[in-house]
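Heavy-atom basis, side chains included; hydrogens, waters and symmetry copies ignored.
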Amino acid sequence: MPPSPLSSPPAAKRQRTEATNGSTPAEVSNGTGPQTNGGDPIAANGSASSAPVVSSAPVMVRDTVESDEEPEEVVAREEEDLGHRDMYLDTVNRVNLDFDFERLCSKSLSNINVYACLVCGKYFQGRGRGSWAYRHAVGDNHRVWLNLATEKFYVLPEGYQVTDPSLNDIISVLNPRFKPSALPALTHLPAKPAYTLSSTPFVPGYIGINNVKKNDYLTVILHLLLHIPPVRSFLLDPTTPELQPTTKPTELITRLATLTRRLWNPKLFKAQISPHEFLQEVNKRSNGKFKMTEQGDPVEFLGWLVNTLHRDLGGTKKRGSSVIYRALQGMVRIENQQVIIHKEYARPMFDISRDIQAISSPFLFLALDLPATPLFQDQNEKKIIPQVPLSAILAKFDGKTTQEFGPTLKRHHLTALPPYLILHIKRFTKNNFVEERNPTIVNFPLRGVDLNDYVDPKPSSPISTIYDLVSNISLDTTAASTSSSGTGPGVTAKSMKKAQEDEQGMTWKIHCRAGRGGGDEEKWFEMQDLRVEEVRKEMVFLGETVVQVWERRDVGQ
């Protein structure tokens with residue numbers, strides 16, 4: 001791509017007058033600027049006339065003061081000469097364009113009637129005389145502008161509209177659009193990669209998300225959720241009823257849908273996006289609980305996000321009442337038995353009540369408990385990191401394994417399996433004195449996890465209990481597995497400072513599957529902030545897994 005010139009073409013080349021053959025000049029309505037901005041006047045016979053050069057300085061019919069109102073469109077009674085309307089387009093600098101941020105004027109901070117300067121990428125309000133965009137166009141000689149709401153292009157300060165097919169790629173970045181028929185193909189590997197402005201190849205959907213400061217715990221959850229096919233298709237489909245303006249979707253839904261379209265956009269100028277606009281709304285809706293500037297718990301954010309989306313989409317307690325419930329909701333039966341303490345004996349005697357109370361409860365993800373960390377050391381007196389198979393911690397849901405919760409014993413058994421199963425591997429325990437992290441490595445296959453032993457009644461089709469991995473979030477940290485927390489005895493300012501430093505050393509990353517079916521039909525990408533790398537399948541098992549998404553195999557067929 002040739003470099004953009006530092007200034008627009010000379011004014012002498014932009015002057016235009018009407019031919020002297022008696023043609024009717026273009027009329028200007030409501031003063032958005034003159035319509036004559038061409039070169040030398042042309043005589044009736046097609047040759048250059050000797051008429052004096054006409055100045056290209058804008059002549060405003062109506063003096064437009066700075067306001068939030070948009071000047072009326074310029075209406076020309078004669079056909080516009082498009083040959084004279086695209087001479088500034090070579091000043092457009094696509095490298096500077098970034099539409100990921102909130103659409104506010106950089107001067108007035110208003111979100112009404114905002115334009116993007118296509119030369120420097122800044123946002124300004126209005127285009128009439130006296131507006132911030134007008135001043136910037138005159139002062140910096142930046143002439144081509146885009147109305148972010150109407151998606152129309154203008155040349156300022158003259159104020160005329162530009163229509164040119166070469167600008168369509170900018171609209172594709174500003175507001176990507178998808179055809180419903182093309183959405184199922186996103187689950188499979190693309191036949192060929194997309195390319196950025198710098199000719200760097202990338203796979204749509206598997207791109208970096210900018211870490212503003214400490215929002216990596218948020219962005220891994222965004223990747224996880226937006227790689228669940230039914231959720232992704234729901235947000236990308238332009239015909240989705242819940243996303244139509246007439247249904248008045250919430251700002252959180254609107255911004256998430258916009259972020260989804262940009263994540264999967266094959267026409268990006270850069271293979272990265274910023275979640276700034278969406279995360280600002282998250283901070284607002286959560287009353288400051290989830291911030292971009294402080295490290296947090298991705299599992300807490302996942303729980304808050306899926307439940308908030310369910311409510312915003314009109315979901316109820318009824319199964320399948322939103323895309324969240326249709327994709328993620330399963331059912332579990334919980335049996336409770338009381339532990340009876342006999343105090344009439346010299347020593348307390350414990351007995352198990354024969355009464356069993358069973359309740360059926362819906363879930364959006366399952367929590368799995370890790371075994372206590374053994375204090376093993378090898379012959380070199382180095383700590384051994386313990387390992388456990390996924391099947392061992394899934395045994396919690398076999399209906400036989402008993403867990404103690406105070407004076408109550410509980411057993412869990414699955415009664416309905418969701419199309420997409422989210423597993424949360426609990427690594428952190430916390431009280432008033434310490435916070436502990438269990439570093440146990442969980443071993444799991446990428447394909448073919450069978451949950452037949454954990455579900456009752458059995459599905460009619462055996463394949464309906466087999467799951468394949470879609471994504472895996474893991475923790476990277478150099479922090480000790482035990483740190484001081486709370487305000488208990490022995491907790492000093494020094495220990496609290498060390499705990500905060502340890503927390504700053506925690507980062508999150510996610511592995512996502514591209515394609516399906518195993519073999520050459522799928523690839524795995526590791527994404528951590530702006531870093532995106534294709535990795536071998538063996539790399540997915542490394543690290544301290546915290547959250548996983550599994551796809552039921554009959555759904556993927």
Side-chain angles (χ1 to χ4, degrees), residues 225 228 230-231 297 299-342 350-372 390-431 449-461 464-467 546-552 554-555:
L225 189 65
I228 297 176
V231 177
D297 185 349
V299 180
E300 286 188 12
F301 176 60
L302 173 62
W304 177 87
L305 182 60
V306 294
N307 282 287
T308 303
L309 292 177
H310 171 70
R311 291 192 298 269
D312 282 8
L313 292 171
T316 63
K317 294 182 179 181
K318 185 178 179 180
R319 190 172 185 181
S321 57
S322 76
V323 65
I324 300 297
Y325 273 21
R326 290 193 295 271
L328 305 178
Q329 189 184 62
M331 298 293 293
V332 60
R333 185 176 70 248
I334 305 174
E335 296 179 352
N336 298 306
Q337 278 183 292
Q338 296 297 318
V339 177
I340 301 174
I341 304 176
H342 298 284
F350 299 91
D351 193 8
I352 305 300
S353 172
R354 295 184 179 181
D355 295 332
I356 299 177
Q357 297 179 345
I359 60 173
S360 183
S361 175
F363 68 87
L364 294 179
F365 53 84
L366 296 178
L368 304 180
D369 303 296
L370 290 173
L390 180 62
S391 58
I393 56 178
L394 277 173
K396 171 183 178 180
F397 296 95
D398 61 6
K400 303 175 183 178
T401 302
T402 301
Q403 291 186 308
E404 296 184 17
F405 292 88
T408 304
L409 299 180
K410 291 189 176 184
R411 288 182 292 271
H412 303 78
H413 206 60
L414 302 178
T415 57
L417 296 175
Y420 291 85
L421 176 65
I422 300 180
L423 299 180
H424 164 217
I425 299 174
K426 298 169 65 176
R427 292 193 175 273
F428 296 92
T429 57
K430 186 177 182 180
N431 56 37
V449 171
D450 195 346
L451 299 186
N452 184 69
D453 294 339
Y454 313 110
V455 62
D456 187 33
K458 309 296 183 185
S460 58
S461 173
S464 298
T465 63
I466 299 177
Y467 283 80
V546 177
V547 185
Q548 294 179 326
V549 175
W550 295 81
E551 178 183 60
R552 207 172 66 204
D554 63 324
V555 175

Rounded at 0.5 Å granularity, tell me how far [atom1] in [X] sits from [atom2] in [Y].
X      : Y      : atom1 : atom2 : value
Leu390 : Leu423 : CG    : CG    : 6.5 Å
Ile356 : Leu409 : CD1   : CG    : 10.5 Å
Leu451 : Trp550 : CG    : CH2   : 9.0 Å
Gln329 : Ser322 : CD    : OG    : 8.5 Å
Leu394 : Leu366 : CG    : CG    : 8.0 Å

Taking all heavy atoms of [X] and all of [Y], pick out the closest pair and write down the distance.
X      : Y      : result
Gly303 : Val306 : O-CG2, 3.5 Å
Arg326 : Gly320 : NH1-O, 3.4 Å
Arg427 : Leu370 : NH1-CD1, 3.6 Å
Met331 : Ser360 : CE-OG, 3.2 Å

Is any side-chain N of the basic residue among Asp398 and Lys400 closer than 4.0 Å to the acidic one's carboxylate O? no
Are any of the side-chain heavy atoms of Lys426 and Leu368 separated by less than 4.5 Å? no
Any sub-3.5 Å donor-acceptor pair from [X]'s side-chain atoms to [Y]'s backbone N or O?
X      : Y      : result
Lys396 : Gln403 : no
Thr401 : Ala395 : yes
His424 : Val547 : no

What do the steps show when you test Phe363 against Leu421 for side-chain contact (heavy atoms from CB on, under 4.5 Å), and what is the final call? CA-CA 10 Å; Phe363 68 87; Leu421 176 65; 3.9 Å; yes
Residue pairs meeting ring pair (Phe, Tyr, Trp, His ring centres under 6.0 Å), one or both in residues 306-336, sequence neighbours left out, come to His310-Tyr325
Identified side-chain contact (heavy atoms from CB on, under 4.5 Å) counterpart of Gln337 within the set Arg411, Gln357, Lys410: Arg411
